[in-house]
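In what follows, a single structure is set out as structure tokens and then discussed.
Sequence lines set the chain letters: A, B, ... in the order given, protein chains first and strands last, and positions in each chain run from 1.
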2 protein chains.
Amino acid sequence: MLFVIDPTAAEPIFEQLLHQIRAQAMSGKIAKGTRLPAAKDLAETLGINLHTVLHAYRELAAEGVISLGRGRGAVVNIDPLPEAIGKKLENVVAQAKAEGIELNAIISLTKEIWSEK
Amino acid sequence: MLFVIDPTAAEPIFEQLLHQIRAQAMSGKIAKGTRLPAAKDLAETLGINLHTVLHAYRELAAEGVISLGRGRGAVVNIDPLPEAIGKKLENVVAQAKAEGIELNAIISLTKEIWSEK
DNA sequence: ACCTATTTGTCCGTATGTATG
DNA sequence: CCATACATACGGACAAATAGG
């Protein structure tokens with residue numbers, strides 16, 4: 001379970017963490033039922049504030065990605081994405097990156113496609 | 001050239017506009033060389049503040065998506081995405097949406113894939 | 001039933017930056 | 001450029017739920 005935080009990035013820290021946990025849960029890298037590190041520990045490991053980790057945890061819980069509880073910790077609560085879709089996405093993203101397309105551009109397009117269909 | 005703003009959405013207004021312009025430029029819906037509406041006009045049309053439109057324009061110019069200049073207006077400056085990639089992305093996103101996967105989840109995965117490869 | 005350690009929940013406060021009009 | 005509002009991040013303190021011995 002590896003997370004990388006860049007405090008200088010434009011994206012807020014709690015969102016960086018949020019994205020990484022969600023992505024790893026969806027890809028199956030973190031299996032359903034796995035307990036995430038205690039917020040306090042994770043905060044120390046990553047060198048960020050406890051509240052920032054809790055912020056990410058709370059949002060993930062609201063989405064249903066994890067379940068949260070005092071004394072129980074944060075447990076992954078979703079099944080991984082169907083492998084077919086994951087592979088296709090990997091493919092497209094890798095190809096786009098190879099063509100020199102920016103991440104933001106892909107995300108813009110994804111949002112546009114999503115809102116149209 | 002159609003943009004839709006939702007002032008109640010969580011996403012900031014300038015980002016909504018930014019995403020839509022970028023996406024339409026990349027998909028070829030707005031051709032290279034096309035001049036975008038004057039910021040003042042666009043602001044009035046969309047019912048938002050002039051500064052908000054300028055904010056979006058400035059970021060797009062910094063990215064190189066458009067070029068900005070006094071009296072010249074905002075002109076689209078990039079070539080559209082290769083059609084093959086666009087189609088593939090449409091495909092994956094549509095399929096994922098059909099499976100009930102959330103937009104945020106796809107974006108998380110996209111970022112993770114991007115940062116790994 | 002009890003105690004203790006662990007872990008999240010909630011509140012206080014402060015500082016800084018950003019979005020918007 | 002300026003003012004207001006909001007978001008983010010951090011620090012500390014205590015409350016409350018849970019798990020284990």
If I take atom CD from residue B/Q20 and atom CG from residue B/L2, how far apart are they, to the nearest 0.5 angstrom? 8.0 Å

Taken to the nearest whole Å, NZ/A/K40 to P/D/dG12 is 12 Å

Can you see which heavy atom on B/G64 is nearest to which on B/N77, and at what distance? O-CB, 3.7 Å

Calculate the interatomic distance between A/R70 atom CZ and D/dA19 atom P; express it in whole Å. 13 Å

Kindly point out which of C/dT7, D/dT8, C/dT8 is positioned nearest to the side chain of A/P12? D/dT8

So, OP1 or OP2 of C/dT6: does either fall under 4.0 Å of a side-chain N or O from A/R72? no

When every non-hydrogen atom of B/V4 is compared with those of B/Q16, the smallest separation belongs to O-OE1, 4.1 Å

When you compare the side chain of B/I21 with that of B/Y57, does any pair of heavy atoms fall below 4.5 Å? yes

A/D41 CG - C/dA5 P separation (whole Å): 16 Å

With the threshold set at under 4.0 Å for non-hydrogen atoms, list the residues of residues 43-59 of chain A touching DNA chain D in residue-number order. A/I48, A/N49, A/H51, A/T52, A/H55

State whether B/K29 and A/E116 are salt-bridged, where the test is any N-O pair (Lys NZ or Arg NE/NH1/NH2 against Asp/Glu carboxylate O) under 4.0 Å. yes

Assess whether a salt bridge exists between A/E112 and B/R22, defined as any Lys/Arg side-chain N lying under 4.0 Å from an Asp/Glu carboxylate O. no

Do side-chain atoms of A/S108 reach the backbone of A/N104 as a donor and acceptor pair under 3.5 angstrom? yes

Take atom CD1 of A/I5 and atom C1' of D/dC10, then tell me their distance rounded to the nearest Å. 15 Å

Starting from the first five and the last five pairs of the helix from C/dC2-D/dG21 to C/dG21-D/dC2, work out the angle between the resulting helix axes, to 10 degrees. 30°

NZ/NE/NH1/NH2 to OD/OE distance under 4.0 Å, B/E11 and A/K111: yes

Output the single nucleotide from D/dT8, C/dT7, C/dT20 whose closest atom is nearest the side chain of A/F14. D/dT8

Between P of C/dA19 and CD1 of B/I13, the distance in whole Å: 12 Å

